[in-house]
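Position 1 is the first residue of the sequence; numbering continues from there.
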Amino acid sequence: MNELLKREISLLPNKPGCYQMFDKDNNIIYVGKAKNLKNRVSQYFLRPQNGKTFMMVKNVDHFETIITSTEKEALILEMNLIKKHTPRYNILLMDDKHYPYIAIAKKNENPYITISRNTNNSKFIYFGPYPSSSYCYETLGVVDKLFRLRKCKTLPTKPCLYYHMHQCFGACINHISKEEYDEEIKKIESFLNGNNKEIIGNLNNLLNESISNLEFEKAKEYKNLLDAIKNINEKQQVEFMDKIDRDLIGFSTREGYVGIVFFIYRQGKLLSKRKFVYEIIGDLNEFVGNIILQYYANNIIPKEIDVFNKDLKDYIVTFNENLNVIYVTKGKIFDSSSTILDNSKEALDEHFLTARIDDNKLELLEKLGSILNIKTPYYIELFDNSHLNGTNAIGASVAFINGEPYKKLYRKYNIESFNKNDDLSSMKEILTRRYKRLKEENSRYPDLIILDGGLSQLEIGEEVLKELGIHINICSLFKDNNHHTSGLLNENGEKIDIKNDKPLFFFLTRMQDEVHRFAISTHIKKRSKDMFKSIFDDVKGIGKVKKENLIRRYPTLKDLSFATIEELTQIIPKDAAEKLLEKIKKIS
């Protein structure tokens with residue numbers, strides 16, 4: 001830290017406000033807000049950082065602050081500064097695509113219906129958003145055929161085909177009363193809100209009548225309309241009977257990243273899903289809360305916003321009283337929490353899987369060999385084990401050849417050692433059994449073994465290879481204090497930081513994920529669900545439904561041990577989450 005930064009930190013006030021981080025070229029690279037500028041800004045430089053925060057701090061040459069009266073004012077200022085300067089380390093929802101809406105120009109003299117991605121015009125009423133343009137156009141096509149509002153934005157001088165097909169009032173040649181328009185708009189609103197049973201009944205009657213009169217062309221038209229309505233209804237099958245416009249929001253974390261998912265319900269029907277994945281900077285709830293606040297600064301605010309974390313709810317409402325945020329703990333909406341969390345986890349999985357999918361795997365293998373000072377490891381084996389308090393313990397190994405999984409060489413092991421609760425003992429058994437057999441069969445050894453338990457597992461691996469009298473290159477992944485994969489340990493136990501080498505980081509993470517997935521799936525098949533449920537017994541606040549949600553979200557003890565309080569409190573009360581983690585800590 002240079003002398004200028006030290007002096008600036010010493011002068012920081014204990015007041016709310018915004019801070020702007022500058023690089024050596026005087027470019028603003030990060031904007032933040034704080035309840036206490038001195039406490040917040042000094043944390044960046046006086047505490048160890050990692051990932052994106054580390055890179056940001058590394059590039060800070062100096063900073064400036066703007067004092068405000070309240071933290072709320074600081075948040076508004078922060079958003080304005082971010083929009084103005086677009087700093088490279090700030091989260092900007094620039095990729096936030098605007099979903100299509102069906103819009104009715106209700107306040108126009110001759111109302112018309114169209115599709116819009118802008119929902120800020122008060123002269124229109126909006127329905128949606130729809131998950132895709134094709135879905136929106138499909139729905140509009142049905143509305144156009146069933147109702148008689150004009151389809152053209154500018155009135156023509158003579159009637160068009162829609163008028164002759166009885167799908168338009170013909171405002172270009174007829175005077176249409178406000179009462180007629182209001183009645184038609186009322187019918188359209190009802191249809192778009194899902195009330196289409198009467199229309200379906202009428203269409204079925206017309207279909208049967210056409211068939212009886214041998215009017216097969218008409219019958220085909222009615223049949224196509226019925227099929228289109230059925231398709232629309234099927235896409236809206238997830239619904240709440242209260243018909244309230246609401247958004248459900250959940251999040252999951254992994255390796256210093258957060259996946260946030262919005263389930264968008266309109267008139268009680270699930271219409272679309274929005275997902276965002278970002279690297280976390282600072283406090284998790286505050287980080288997620290700021291993304292949510294930024295999202296609603298640019299999107300329609302529903303009647304209610306449902307979250308499953310009380311601290312997150314408290315943070316959001318502190319800065320925007322116009323948002324009706326509800327902390328949900330029970331009922332049908334809460335039952336949806338596990339689905340939303342599954343989707344947020346899936347968003348993270350997809351991000352880690354695809355973020356570097358196009359990287360040249362052979363180049364990455366060459367880079368891996370170079371930093372480990374070994375020949376390029378074209379054949380790699382990774383190991384993991386899984387158990388529940390020592391029961392149903394299994395070990396697993398996976399193989400990658402040329403950077404691709406090679407499932408013919410996947411292996412699973414039932415742990416036979418006496419202390420099945422000891423991960424190091426289990427790892428020693430797995431490695432011994434694997435490479436003792438390869439030695440006896442005179443089979444090819446891998447070019448590299450990658451373990452997942454830091455220095456302790458690396459030492460066990462080297463011990464096994466020494467006892468067997470064989471040499472295989474070996475390394476281990478290590479985690480930081482937040483249980484996020486941070487780097488590699490080479491054979492000498494020296495740390496190699498890979499967190500900021502994104503291509504290599506994601507490449508190794510995908511391998512790590514695969515062995516973890518294989519170990520978990522093998523373990524789940526072996527044990528019964530009842531044995532796992534026992535971990536939740538005697539924890540007040542965890543009933544049958546919450547227990548099932550936890551099992552679904554965290555299928556193993558290892559998964560639970562890495563869960564954060566913020567994540568768990570989306571499923572169970574905070575005190576129950578604390579007791580559960582305390583219980584897991586004792587038996588792990």
Side-chain angles (χ1 to χ4, degrees), residues 1-96 256-258 260 276-299 311-312 314-323 482 499-500 502:
M1 184 164 53
N2 61 45
E3 290 302 319
L4 177 60
L5 283 174
K6 290 180 180 177
R7 186 165 67 251
E8 287 176 341
I9 290 172
S10 67
L11 297 173
L12 284 167
N14 292 300
K15 294 181 178 181
C18 279
Y19 52 92
Q20 300 172 92
M21 303 291 194
F22 294 81
D23 64 13
K24 59 183 176 58
D25 297 319
N26 210 37
N27 297 314
I28 297 176
I29 60 174
Y30 185 74
V31 173
K33 66 110 177 74
K35 188 175 183 178
N36 185 307
L37 284 168
K38 190 175 188 67
N39 291 345
R40 169 56 61 83
V41 177
S42 61
Q43 286 176 358
Y44 286 108
F45 304 98
L46 302 180
R47 291 184 182 179
Q49 307 291 349
N50 54 57
K52 190 174 180 180
T53 309
F54 172 79
M55 291 302 296
M56 184 271 290
V57 173
K58 184 179 178 183
N59 285 293
V60 173
D61 179 75
H62 61 283
F63 62 83
E64 294 178 359
T65 60
I66 302 173
I67 298 172
T68 60
S69 299
T70 64
E71 190 183 4
K72 193 170 185 178
E73 286 183 9
L75 176 69
I76 297 170
L77 176 59
E78 177 193 33
M79 288 188 173
N80 290 334
L81 290 172
I82 290 172
K83 286 181 181 179
K84 179 180 179 181
H85 300 290
T86 60
R88 59 176 161 144
Y89 288 106
N90 278 102
I91 297 303
L92 293 169
L93 298 181
M94 301 299 290
D95 61 341
D96 182 30
Y257 286 75
V258 61
I260 308 168
F276 305 94
V277 176
Y278 294 112
E279 192 171 356
I280 302 166
I281 296 179
D283 177 78
L284 177 59
N285 279 327
E286 184 174 329
F287 184 79
V288 173
N290 284 340
I291 290 175
I292 293 171
L293 288 165
Q294 191 178 157
Y295 173 85
Y296 286 114
N298 300 298
N299 288 274
D311 292 335
L312 178 61
D314 293 342
Y315 182 84
I316 296 169
V317 298
T318 299
F319 296 103
N320 193 336
E321 64 271 15
N322 294 322
L323 300 179
N482 298 315
K499 193 68 183 286
N500 298 315
K502 296 302 182 184

Legend entry - side chain to side chain contact (heavy atoms under 4.5 Å, CB included) evaluation trace for Asn290 with Lys33: CA-CA 10 Å; Asn290 284 340; Lys33 66 110 177 74; 4.2 Å; yes
Inset, instruction - Show your reasoning for whether side chain to side chain contact (heavy atoms under 4.5 Å, CB included) applies to Thr53 and Tyr44. - result: CA-CA 8 Å; Thr53 309; Tyr44 286 108; 4.0 Å; yes
Legend entry - 4.5 Å side-chain heavy-atom contact, Leu5 and Val60: yes
Inset, instruction - State plainly whether the residues Glu71 and Lys15 are in salt-bridge range, i.e. N to O under 4.0 Å. - result: no
Legend entry - Salt bridge Lys35-Glu286, side-chain N to carboxylate O under 4.0 Å: no
Legend entry - Sole candidate of Leu293, Ile316, Leu312 that passes side chain to side chain contact (heavy atoms under 4.5 Å, CB included) when paired with Val288: Leu312
Inset, instruction - Run the numbers on Ile291 and Ile260 for side chain to side chain contact (heavy atoms under 4.5 Å, CB included), then give the verdict. - result: CA-CA 9 Å; Ile291 290 175; Ile260 308 168; 3.6 Å; yes
Legend entry - Atom pair CG/CD1 of Asn320 and Ile292 - distance to nearest 0.5 Å: 11.5 Å
Legend entry - Parallel, tilted or perpendicular: rings of Phe63 and Phe45 (30°, 60°): parallel
Legend entry - Atom pair CG (Asn90) and CD1 (Ile281), whose distance is rounded to the nearest 0.5 Å: 7.0 Å
Legend entry - From Asn36 atom CG to Asn14 atom CG, the distance as rounded to the nearest 0.5 Å: 4.5 Å
Inset, instruction - Examine Phe22 together with Tyr30 and report whether their ring centres are nearer than 6.0 Å. - result: no
Inset, instruction - Identify the heavy atoms of Ala74 and Cys18 that sit nearest to each other, and give their distance. - result: O-SG, 3.1 Å
Legend entry - Gap separating the OH atom of Tyr19 from the CG atom of Leu12, nearest 0.5 angstrom: 11.0 Å
Legend entry - Over all atoms of both residues, closest heavy-atom pair of Asp283 and Asn285: OD2-N, 3.2 Å
Legend entry - Min side-chain heavy-atom separation Thr318-Leu75 under 4.5 Å: no
Legend entry - Spacing of CG belonging to Asn59 relative to CG belonging to Asn27, to within rounding of 0.5 Å: 11.0 Å
Legend entry - Side-chain donor-acceptor contact under 3.5 Å, His62 with Asp23: no
Legend entry - Heavy-atom closest contact (Tyr315 atom, Phe319 atom, distance): O-CD1, 3.1 Å
Inset, instruction - List the steps, then state whether side chain to side chain contact (heavy atoms under 4.5 Å, CB included) holds for Met21 with Ile28. - result: CA-CA 6 Å; Met21 303 291 194; Ile28 297 176; over 6 Å; no
Inset, instruction - Look up atom CD in Glu78 and atom OG1 in Thr68, then write down how far apart they are to the nearest 0.5 Å. - result: 10.5 Å
Legend entry - Heavy-atom pair with the smallest gap, counting every atom of Ser69 and Pro16: O-CG, 3.7 Å
Legend entry - Modelled atom types, side-chain donor and acceptor of Tyr296 and Asn322, under 3.5 Å: no
